[in-house]
Amino acid sequence: MRDLTVYNSLSKSKETFIPIHKGLVGMYVCGPTVYSDVHLGNIRTFMSFDVIFRYLKFLGYKVRYVRNITDVGHLVGDEDEGEDKIAKRAKVEGLEPMEVVQKYTNGFHDMMRIFNILSPSIEPRATGHIIDQIEMVQQILDHGFAYVANGSVYFDTLKFAKEKGTYGKLSGRIIEDLLQETRDLKNQGEKRNAADFAIWMKADDRHLMKWNSPWSVGFPGWHLECSAMSTKYLGAHFDIHGGGNDLKFPHHENEIAQNEASCGCAPANYWLHTNMLLMNGRKMSKSDGNTITAEELFSGHSRHVEKPYSPMVVRFFMLQAHYRSTLDLSNEALLAAEKGYKKLMEANAFLQKIKTEDSEKNAAIETKIIQLIDETFDELSDDFNTPKALARLFELVPIINSYKDKKEGFGNISAPTIELLQDCFDKVLFEIMGLRDENARSDPGSEGALDGVMQFIIELRQEARANKDWGTADKIRDVLQAQNIVIKDGKEGTTWNLK
RNA sequence: GGUCGGGUGGCCGAGCGGUUAGGCAGAGGUCUGCAAAACCUUGUACGGCAGUUCGAAUCUGCUCCCGACCUCCA
C-alpha cells in the first residue's frame with residue numbers, strides 16, 4: 001500500500017496516515033442540519049470527503065464512514081434561548097418537525113446523488129439517538145465536568161480546561177480569552193462561565209421537539225449528537241474526523257471536550273477540515289444570502305452565472321482546487337472548468353476505445369507515461385491533492401490525442417502500457433474522483449438506434465461532400481448542431497457526439 | 001479587538017528554497033472544401049519594502065490589502 005499523508009488540523013501539519021487497526025479506517029464527518037436546502041458550500045465539503053472516502057477505499061482500506069444528519073438541537077441565534085432551527089422551519093412551513101426533517105433530508109440525498117457523492121456506511125440521525133445522548137450527558141455529569149441548572153445541563157468548560165489542559169487545542173483558542181469575551185449574551189444567567197455550553201436543554205411548553213430525561217423534558221445540545229453517534233458507531237477512539245472549517249470552533253472543540261469528559265480519551269487521531277467555497281471573494285453562506293443554489297447553477301438562472309452548468313462540471317471545478325484552500329466561484333472559472341472537463345472526458349473516451357496491439361515501442365514515451373501515472377497517485381496520496389493529480393492527467397492528454405492522429409514519434413506504445421493508462425484514467429476519473437462522463441451515451445437502448453441513424457446521416461453527408469455539395473454538407477452539420485449534436489471530420493472519418 | 005489563513009501571469013488554480021505545475025482565454029502554425037476537434041510552438045507571474053542564502057514566489061522582519069473564526073453556518 002502506498003503511504004498516505006494527511007494534513008491534521010490538530011497538529012497543523014502533514015502526517016503519515018496510520019490507522020488504529022491495520023487495514024481499517026473509521027471516519028466521521030459532520031453532516032448537514034436539515035432545516036433548509038443544501039447549498040453549494042455543503043456540497044463542496046461532502047464532495048471533498050467523498051473523494052477522501054473513495055481514495056481510502058481505493059488504497060485497499062475497509063472504511064466505515066459515518067456521516068450524521070442533525071435534526072434537533074441546532075439553535076438559531078447566539079444564546080441558549082434561541083429557537084431550534086427545525087422547529088422554526090416547521091412553524092414557517094406549517095409542518096410537523098419530522099416532516100421538515102424528511103423533506104430536507106430527501107432533498108439532500110437527491111443532491112448527493114446528482115453530484116455522484118457516495119452514501120456513507122452509516123447515516124445516523126440525532127433524534128434517533130436521544131438515549132445515547134442522555135447517557136453521555138450522565139457520564140459527563142458523573143465525571144464532574146457538567147452541572148445542572150434549572151433543568152438544563154451545562155458543560156463546565158473552565159473546569160475541564162483546567163484539569164485536562166487540552167481545551168482549545170484544535171481551534172487555537174485560549175480559555176482565558178474566551179472567558180474574557182465581553183460580548184453581551186442575554187442568557188448567561190444559568191451558565192457559570194461564558195465559555196460553558198449546554199449539553200441538555202430544558203424545553204418550554206411550546207417547544208415541539210422534546211424528550212424526557214433525568215433533568216427535564218428537553219432536548220440535547222447541538223454538539224452532543226456528534227460525540228454520541230461517533231462513539232456509538234466508531235468507538236471512543238477512531239481514525240478520522242472531518243467537517244467544514246467553520247465547525248472547528250465551537251462545534252469540534254466542544255465535541256472533543258465532551259468525548260474526553262465522558263470517556264477520558266480524544267475521539268479522533270486525525271482531524272481534517274475543508275475550506276470554504278467563496279463567491280465574490282466572501283464565504284458562501286446560508287445565513288447572509290451570499291449564495292447560489294445548485295439548481296440555479298444547473299438552470300443558469302442566477303445573476304452570478306451566464307449559462308447553465310452541469311453537475312459534473314461543478315464537481316470537476318471543485319476538484320481543480322485543493323480541499324484545504326478556499327475556492328472562489330465565478331462564471332469565468334466555471335466556463336474554464338467546463339472546457340477542461342470536456343477535453344479530459346473526450347481524451348478518456350478515445351483512450352478507452354484504443355485496441356491494444358503489439359507494435360514497435362517508443363521507450364521515451366513509455367517511460368514518460370508510466371512516470372506521469374505514478375505521479376498522479378503520488379499526488380493523491382499527498383493529502384488528496386486532486387488539482388495536482390488532474391494536472392498530471394492533463395499532461396497525459398496530448399500523448400493520448402497524438403495517438404489519435406497517428407503522428408510520427410507517438411503511437412508506438414506497448415499494449416501493457418496502454419492498458420495501464422486506460423486503467424489509470426478509469427480509476428482516477430471515475431472511481432476516485434467520482435466524475436461521470438456526461439457526454440457518454442448513457443441509455444444503451446436508445447444508443448443503438450441513435451447511433452444507427454447517425455451513421456446513416458454521416459454517410460449521406462459524406463456523399464454530399466464527395467460531390468462537393470458543400471451546401472448540403474454544411475446544412476446537415478448546422479441542423480445537427482441545433483440539436484446539440486456535434487460533427488467532427490477527422491482523418492479517420494467523421495465522428496459525432498452530443499454536446 | 002483577539003486568533004488563524006491568504007495575496008501567484010488576462011481569469012481559475014497548484015507549488016512553499018534551485019525544476020515548464022495544470023486548466024481556460026490569447027498569439028502563430030499544421031491539418032481541413034469550410035468549420036470544429038486534434039496536434040505543434042509561444043507567455044516567465046508570484047502585493048510592497050528590507051533581510052537571510054551561492055540561490056526566495058517559497059525562510060525572517062516590517063508594511064499594505066483581503067478573508068475566515070471568535071455568534072447559527074460545510
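Everything quoted here is computed from the prediction, not taken from an experiment. So that the names make sense, note that chain A is the first sequence line, chain B the second, and so on, each numbered from 1.
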Protein-nucleotide distance (A:Glu375, atom CD; B:rG22, atom P), rounded to Å: 12 Å
Rounded distance in Å between the C1' positions of B:rA36 and B:rU42: 23 Å
Sugar-phosphate, base or nothing in reach of A:His322, heavy atoms under 4.0 Å: sugar-phosphate
Pair assignment for B:rG67, Watson-Crick or G-U wobble, requiring both distances under 3.5 Å: B:rC4
N/O (side chain, A:Asn385) to phosphate O (OP1/OP2, B:rG15) under 4.0 Å: yes
Sugar-phosphate only, base, or nothing, as touched by A:Arg44 at under 4.0 Å among non-hydrogen atoms: nothing
Pairing nucleotide - B:rG55, Watson-Crick or G-U, each distance under 3.5 Å: none
Candidates B:rA14, B:rC24, B:rG33 - which lies nearest the side chain of A:Ala336: B:rC24
Listed nucleotide nearest any side-chain atom of A:Asp177, set B:rG2, B:rA74, B:rA21: B:rG2
Phosphate OP1/OP2 of B:rC24: any A:Lys343 side-chain N/O under 4.0 Å: yes
Nearest-nucleotide pick for A:Gln320, side chain only, options being B:rC24, B:rC34, B:rG23: B:rG23
Listed nucleotide nearest any side-chain atom of A:Arg282, set B:rC70, B:rG67, B:rG22: B:rG67
Closest listed nucleotide, where the reference is the side chain of A:Leu247 and the choices are B:rA21, B:rA74, B:rC69: B:rA74
Interatomic distance where CG belongs to A:Leu278 and C1' belongs to B:rC11 [whole Å]: 16 Å
5' priority, RNA chain B, between A:Glu395 and A:Pro32 [closest heavy atom]: A:Glu395
B:rA14 OP1/OP2 closer than 4.0 Å to side-chain N/O of A:Ser325: yes
Listed nucleotide nearest any side-chain atom of A:Phe249, set B:rC40, B:rC70, B:rA25: B:rC70
Touch class at under 4.0 angstrom, heavy-atom based, for A:Gly281 against every strand present: sugar-phosphate
From B:rG22, B:rC72, B:rC39, nucleotide with atom closest to A:Ala391 side chain: B:rG22
A:Met284 side-chain proximity, nearest of B:rA74, B:rA21, B:rC11: B:rA74
Spacing of A:Met318 atom CE relative to B:rA14 atom P, expressed in whole Å: 14 Å
C1' gap between B:rC46 and B:rG13, integer Å: 13 Å
Residue matched to B:rA45 through Watson-Crick or wobble contacts both under 3.5 angstrom: none
A:Lys488 side chain near B:rA38 phosphate (N/O to OP1/OP2, under 4.0 Å): no
Charged N-O contact under 4.0 Å between A:Arg461 and A:Asp489: yes
Check: A:Asn331 side chain, B:rC11 base, donor-acceptor under 3.5 Å: no
Any side-chain heavy-atom pair of A:Phe317 and A:Tyr309 under 4.5 Å: no
B:rA38 and B:rU44, which share atom name C1', separated by this distance in whole Å: 27 Å
Distance in angstrom units between A:Asn68 CG and B:rA74 P, rounded: 10 Å
NZ or CZ of A:Arg324 within 45° of A:Tyr7 ring axis and under 6.0 Å: yes
Verify stack between A:Phe46 ring and B:rA74 base, 5.5 Å, 30 degrees: no
Separation of the P atoms in B:rC49 and B:rC64, to the nearest angstrom: 15 Å
B:rG55 to B:rG17 separation - C1' atoms, rounded to the nearest Å: 8 Å
Spacing between A:Asp328 atom CG and B:rU8 atom C1', to the nearest angstrom: 15 Å
Short N-O contact, A:Lys388 and A:Asp382, less than 4.0 angstrom: no
Between B:rA74 (C1') and A:Tyr28 (OH): distance, integer Å: 13 Å
Reported NE2-to-CZ distance for the pair A:His251 and A:Phe197, which is rounded to 0.5 angstrom: 10.5 Å
Who pairs with B:rU30 - Watson-Crick or G-U, where each distance is under 3.5 Å: B:rA38
Out of B:rC40, B:rG33, B:rG22, whichever nucleotide has its closest atom nearest the side chain of A:Arg461: B:rG33
Pi-cation contact, A:Phe377 with A:Arg2 (under 6.0 Å, within 45°): no
Polar side chain donor-acceptor pair, A:Ser227 to A:Gln258, under 3.5 angstrom: yes
Spacing between A:Leu277 atom CG and B:rG5 atom P, to the nearest angstrom: 21 Å
side-chain N/O A:Asn42 vs B:rA74 OP1/OP2, d < 4.0 Å: yes
Closest-nucleotide ordering on RNA chain B, the 5'-leading residue of A:Phe394 and A:Lys12: A:Lys12
Whole-angstrom distance between B:rC11 and B:rC59, as gauged at atom C1': 30 Å
Whole-angstrom distance between B:rG51 and B:rA21, as gauged at atom C1': 29 Å
Which nucleotide in B:rA35, B:rG15, B:rC69 has an atom nearest any side-chain atom of A:Asp489: B:rA35
Heavy-atom donor-acceptor pair, A:Asp474 side-chain to B:rG33 base, under 3.5 Å: yes
Base B:rA36 to side chain A:Arg477, donor-acceptor N/O within 3.5 Å cut-off: no
d(CG, A:Asn401; C1', B:rA36) in whole Å: 14 Å
Partner nucleotide, any strand, of B:rG9 [Watson-Crick/G-U, under 3.5 Å]: none
Aromatic ring pairing A:His241/A:Tyr28, orientation class (parallel under 30°, perpendicular over 60°, tilted between): tilted
Rounded distance in Å between the C1' positions of B:rA74 and B:rA68: 13 Å
Sugar-phosphate only, base, or nothing, as touched by A:Leu335 at under 4.0 Å among non-hydrogen atoms: nothing
Over 12 non-hydrogen atoms of neighbours within 6.0 angstrom of NZ in A:Lys368: no
